[in-house]
Amino acid sequence: SQTIHQWPATLVQPVGSPLSLECTVEGTSNPNLYWYRQAAGRGLQLLFYSVGIGQISSEVPQNLSASRPQDRQFILSSKKLLLSDSGFYLCAWNRGRETQYFGPGTRLLVL
Amino acid sequence: AQKITQTQPGMFAQEKEAVTLDCTYDTSDPSYGLFWYKQPSSGEMIFLIYQGSYDQQNATEGRYSLNFQKARKSANLVISASQLGDSAMYFCAMREGGSGTYKYIFGTGTRLKVLA
């Protein structure tokens with residue numbers, strides 16, 4: 001069966017510090033991978049998606065970036081965090097047109 | 001323009017009763033998919049049910065059913081015999097387009113509280 005991991009689970013970072021969140025998927029190959037952000041009490045905002053190694057599509061221009069160095073690894077990064085980057089970050093995967101399956105998420109608080 | 005609309009920010013239901021969560025969508029694409037997810041307080045997103053735009057019958061998964069009214073562009077989630085454990089946020093989502101399209105759009109969610 002497929003499993004999706006995210007770490008860290010919780011992160012508190014000062015404004016201006018860098019960020020690296022990691023997502024890995026097990027039990028499947030060539031998945032589509034997604035990064036979402038959820039502000040407190042809000043819906044999900046798609047940040048990036050990737051259909052293959054090195055292929056990244058950005059949905060919202062901001063100070064975040066994503067990379068896919070391996071087939072089942074998706075990384076969300078920032079060089080300098082802003083207060084507005086606080087939120088709940090969810091990684092998801094799917095194959096083709098089917099439903100997405102989500103990881104456990106990372107709660108990020110920028111102070 | 002908002003493509004997924006959930007008009008109920010919060011609602012209550014009595015245990016063992018059926019509850020309907022509303023979702024309307026907007027698309028001009030003939031091929032699309034509609035999804036419902038449950039998000040408990042832990043934050044994980046749990047897939048509940050899927051309806052394809054060409055599916056002739058409403059989707060059902062256990063106590064969950066999707067009331068798909070294509071002409072009205074609505075995809076309401078019906079939970080039969082609600083349980084206390086159904087208390088959570090519920091999100092409606094849509095994937096537009098056929099093969100080669102990978103983007104999903106989410107509504108703002110409905111917070112359901114089931115009362116004993």
Side-chain angles (χ1 to χ4, degrees), chain A residues 1-11 21 23 25 30-52 55-60 66 68 74 86-109, chain B residues 2-10 21 23 25 29-55 59 61 64 66 75 77 88-112:
Chain A
S1 63
Q2 299 84 11
T3 308
I4 180 168
H5 302 280
Q6 284 186 249
W7 62 89
T10 305
L11 191 60
L21 302 181
C23 170
V25 181
N30 196 30
N32 301 321
L33 295 171
Y34 304 79
W35 277 113
Y36 290 89
R37 178 169 61 199
Q38 184 179 27
R42 305 289 295 275
L44 274 67
Q45 178 189 34
L46 178 62
L47 301 176
F48 301 94
Y49 68 93
S50 171
V51 301
Q55 301 179 63
I56 308 295
S57 296
S58 174
E59 286 299 299
V60 183
R68 185 168 177 175
F74 205 22
S86 293
F88 188 49
Y89 289 81
L90 286 158
C91 181
W93 76 274
N94 77 340
R95 294 289 302 272
R97 301 164 58 184
E98 297 170 0
T99 189
Q100 295 183 311
Y101 296 95
F102 287 82
T106 294
R107 296 193 185 276
L108 171 66
L109 180 59
Chain B
Q2 198 164 0
K3 293 199 170 186
I4 292 285
T5 303
Q6 294 182 253
T7 58
Q8 306 153 311
L21 306 181
C23 174
Y25 60 93
D29 199 313
S31 176
Y32 53 90
L34 297 159
F35 307 81
W36 277 93
Y37 292 87
K38 173 183 178 181
Q39 187 179 41
S41 57
S42 60
E44 60 184 314
M45 293 285 285
I46 302 168
F47 165 70
L48 295 178
I49 197 165
Y50 163 77
Q51 180 85 42
S53 59
Y54 294 119
D55 293 344
E61 289 286 349
Y64 304 107
L66 200 152
L77 176 71
M89 280 289 285
Y90 288 82
F91 290 97
C92 180
M94 177 175 67
R95 174 194 48 75
E96 289 184 294
S99 61
T101 301
Y102 307 97
K103 295 196 295 184
Y104 294 71
I105 304 166
F106 284 78
T108 52
T110 295
R111 184 173 297 279
L112 173 66

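This is a predicted model, so every value here is computed, not measured. Throughout, a chain's letter reflects where its sequence line sits, starting with A, and its residues are numbered from 1.
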How long is the span from the CD atom in A:Glu59 to the CD1 atom in B:Ile105, to the nearest 0.5 Å?
9.0 Å
Can you tell which part of A:Leu44 gets under 4.5 Å to a heavy atom of chain B, answering side chain, backbone, both or neither?
both
Between atom CD of B:Gln39 and atom CG of A:Leu90, what is the distance when rounded to the nearest 0.5 Å?
6.5 Å
Contact summary for B:Phe91 and A:Arg42, nearest pair of heavy atoms:
CZ-O, 3.7 Å
Heavy-atom contact with chain B under 4.5 Å, split by part of A:Gln100:
both
Nearest atoms (heavy-atom pairs only) where B:Tyr37 meets A:Thr99
OH-OG1, 2.9 Å
Below 4.5 Å, heavy atoms only, C-beta onward: do A:Tyr49 and B:Tyr104 meet side chain to side chain?
no
Any chance you could measure B:Phe35, atom CZ, to A:Asn94, atom CG, to the nearest 0.5 Å?
8.0 Å
Taking side chain to side chain contact (heavy atoms under 4.5 Å, CB included) as the definition, give me every residue that meets it alongside A:Ser86, ordered by chain and number, with sequence neighbours left out.
A:Leu109, A:Val110
Is there a side-chain contact between A:Tyr36 and B:Phe106 (heavy atoms, below 4.5 Å)?
yes
